[in-house]
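Below is one structure, written out as structure tokens, with a few remarks after it.
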Protein chains: 2
Amino acid sequence: MPKRVDHRERRALIADALMRVAAEQGLEAVSLRHVAAAAGVSAGMVQHYFRTRDEMMVFALAVVSERNETRVRRAIEALGATPAPRALLRAMLAALLPLDEERRADGRVALAFLAYTAVRPAVAAALHDETAALRAFVADRIAAGSPLVTEGRVDPERAAVGLLAVMEGLGIYVLGGHYPPETALAALDAQLDLIFGPEPPTRDRAGSARRRRSA
Amino acid sequence: MPKRVDHRERRALIADALMRVAAEQGLEAVSLRHVAAAAGVSAGMVQHYFRTRDEMMVFALAVVSERNETRVRRAIEALGATPAPRALLRAMLAALLPLDEERRADGRVALAFLAYTAVRPAVAAALHDETAALRAFVADRIAAGSPLVTEGRVDPERAAVGLLAVMEGLGIYVLGGHYPPETALAALDAQLDLIFGPEPPTRDRAGSARRRRSA
DNA sequence: CTCTTTTCAATGCACTCGCAATGTAAAGGC
DNA sequence: GCCTTTACATTGCGAGTGCATTGAAAAGAG
């Protein structure tokens, strides 16, 4: 059955194996043979769908950000139509945090890629637009939803930069095992409190009302 | 002149070369031979002072955190005796941000190590205490210096977690070339504004008064 | 049928890796 | 004087790497 195969499917299969290897043993362990073994295929097949290792890496990087995009979209859709800006941001950022094992694995890969691209600036350029768009979106939601903005006490652009940095930093700490997921979520809520002002007393989530120790 | 050599000095020399290699080509390019070449010595000598590659890595990691410690100490000392909590935190966190080329190089190495330890949990344990101590210190300074804490609008523990996460995240973004140093500093100041309340009008730095575009 | 294209598998090559083993030369200890 | 210890340098081995090459088998196209 050689002729008729779905390239995207094969590449996805291989990328999946790559992610497993990278998550378990680090990016430096990602070799043609290891990935092939993890995928249960021959090394020749991997080479057939990715002519070079770098090509495989770039594809895997795209898979990671695509997965995150999907997570964010689903989290937002789960909120229904026209969610409040704060709730929307919370759902979005929480979706990007490595709070379960699946996202932890992806996060490890993303972290490895971060270090990888820090040395290959050409590959990193694609991420710039992504971050810029994300920041603009966050800034817009902050401007639309925070009363502190109209009071002039919060600058949406800087708050957006800070909020995304908090998310990124919390992700790092959780991945490193410094904080448990609850602490990261609590810190995220605290940050939203700072930006949006104290939560009006709603009866939905625990929010930031109850205090827990954080280490 | 074989007998009398300073081991610490030699190891520092080698670690220095390791840092250069890691900063320029990534941690995966750190091999006995590369490091030896960068240090201008033979591979045998490297092997003499570090019996295994992992031993060399661990030492280099210690060098990185020691450098950061030195930077923080100097930045704080430059503030004179009994600095205000907010100024102290600003100086400390700014010292940890990759704002010049030297710190950028160190930051790249630290980032690579982050990904490295994410796969070797045993090595990461040492970093936990460091982070915990740092967080406790930051929380203490926030509790001592922020009027919002006594008003109950800021929880020092969570604010400390958030503040450190902001620093970490900003560092990542700056390293990735997403933000220029000024934007990172502005975001850091904005975060301090959120935690400590609006700055009383002092005539020292630009602080957060002037607005600039951020991307 | 033949011919071509696609899909995979296997092999080999040149290279790098960590690390052990070995050798050599210099500085004390005696 | 010798002898041990330290401080390197050199070499080599087995393993692993990316990648090019080769080949084979299957499915249309004509």
Side-chain angles (χ1 to χ4, degrees), chain A residues 1-22 24-61 109 112-113 115-117 119-120 122-123, chain B residues 1-22 24-61 109 112-113 115-117 119-120 122-123:
Chain A
M1 82 293 272
K3 196 64 156 296
R4 197 59 50 86
V5 289
D6 185 350
H7 267 230
R8 291 202 311 122
E9 179 194 316
R10 286 279 196 264
R11 287 167 81 99
L13 173 87
I14 295 173
D16 218 66
L18 185 153
M19 307 275 279
R20 282 200 303 272
V21 173
E24 285 165 22
Q25 320 182 54
L27 256 202
E28 64 183 13
V30 171
S31 70
L32 297 183
R33 304 190 200 346
H34 276 166
V35 171
V41 302
S42 81
M45 172 165 161
V46 175
Q47 242 186 134
H48 182 67
Y49 288 100
F50 298 101
R51 286 183 301 189
T52 163
R53 190 188 114 113
D54 265 3
E55 193 178 315
M56 189 169 64
M57 294 297 210
V58 170
F59 184 82
L61 179 56
V109 179
F113 270 118
Y116 181 77
T117 57
V119 177
R120 283 163 191 74
V123 189
Chain B
M1 86 290 276
K3 197 66 157 296
R4 195 61 47 91
V5 290
D6 185 351
H7 266 230
R8 292 203 311 122
E9 179 194 316
R10 286 278 196 267
R11 286 167 80 98
L13 173 87
I14 295 173
D16 218 66
L18 185 155
M19 306 276 279
R20 283 199 303 271
V21 173
E24 286 165 22
Q25 317 182 56
L27 255 202
E28 63 183 16
V30 171
S31 69
L32 296 184
R33 307 193 206 326
H34 277 166
V35 171
V41 301
S42 81
M45 172 163 161
V46 175
Q47 238 183 138
H48 182 67
Y49 288 100
F50 298 100
R51 286 183 302 188
T52 164
R53 189 187 114 113
D54 266 3
E55 193 178 314
M56 189 169 65
M57 294 297 209
V58 170
F59 184 82
L61 179 55
V109 179
F113 270 117
Y116 182 76
T117 56
V119 177
R120 284 163 190 72
V123 190

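Lettering of chains follows the sequences in order, A, B, ..., and the numbering in each one begins at 1.
Atom CZ in A/Phe50 sits roughly 18 Å away from atom P in D/dT17 (whole-Å rounding). Taking atom CD of B/Glu28 as the reference point, atom P of C/dG18 lies 12 Å away to the nearest angstrom. In this entry the distance linking CD of A/Glu55 with P of D/dG18 reads 14 Å, nearest Å. One interatomic measurement links the two molecules: CE of A/Met57 to P of D/dC19, which rounds to 10 Å at whole-angstrom precision. One interatomic measurement links the two molecules: CZ of A/Arg53 to P of D/dT17, which rounds to 10 Å at whole-angstrom precision. Atom CG of A/Leu32 is separated from atom P of C/dC8 by 16 Å (rounded to the nearest Å). For the pair A/Met45 CE and C/dC8 P, the interatomic distance rounds to 5 Å; values are reported in whole Å. Here D/dA9 presents its C1' atom at 11 Å from NE2 of B/His48, a figure rounded to the nearest Å.
Put simply, B/His7 has a side-chain N or O that comes within less than 4.0 Å of OP1 or OP2 on D/dA7. The side chain of B/Ser31 contributes an N or O atom lying less than 4.0 Å from OP1 or OP2 of C/dC17. A/His34 has no side-chain polar atom (N or O) that falls below the 4.0 Å cut-off from OP1 or OP2 of D/dG16. An OP1 or OP2 oxygen of C/dG18 is reached within less than 4.0 angstrom by no side-chain nitrogen or oxygen of B/Thr52.
The nearest heavy atom of DNA chain D to A/Ala29 and to A/Arg51 marks one nucleotide each, and the one closer to the 5' end goes with A/Ala29.
A pairwise comparison of heavy atoms in B/Ala112 and A/Ala115 identifies CA-CB, 3.8 Å as the closest pair. The nearest pair of heavy atoms linking A/Met57 to A/Tyr116 is CG-OH, 4.0 Å.
The CG atom of A/Leu27 sits 12.0 Å away from the CG atom of B/Leu27 when rounded to the nearest 0.5 Å. Annotation: the span from A/Leu32 atom CG to A/Thr52 atom OG1 amounts to 8.0 Å, rounded to 0.5 Å. To the nearest 0.5 angstrom, B/Ile14 atom CD1 is 8.0 Å from B/Met56 atom CE.
The side chain of B/Arg33 approaches C/dC19 more closely than any other nucleotide in the set C/dC19, D/dC19, D/dC8. Between C/dC8, D/dG18, D/dC8, one nucleotide has an atom nearer to the side chain of B/Arg10 than all others, and that is D/dC8. In the set D/dC8, D/dG18, D/dA20, D/dA20 carries the atom at the smallest distance from any side-chain atom of A/Gln47. Taking the side chain of A/Tyr49 as heavy atoms from C-beta on, and the options D/dG18, D/dC8, C/dC8, the nearest nucleotide is C/dC8.
No contact: B/Val46 has no heavy atom under 4.0 Å from any strand.
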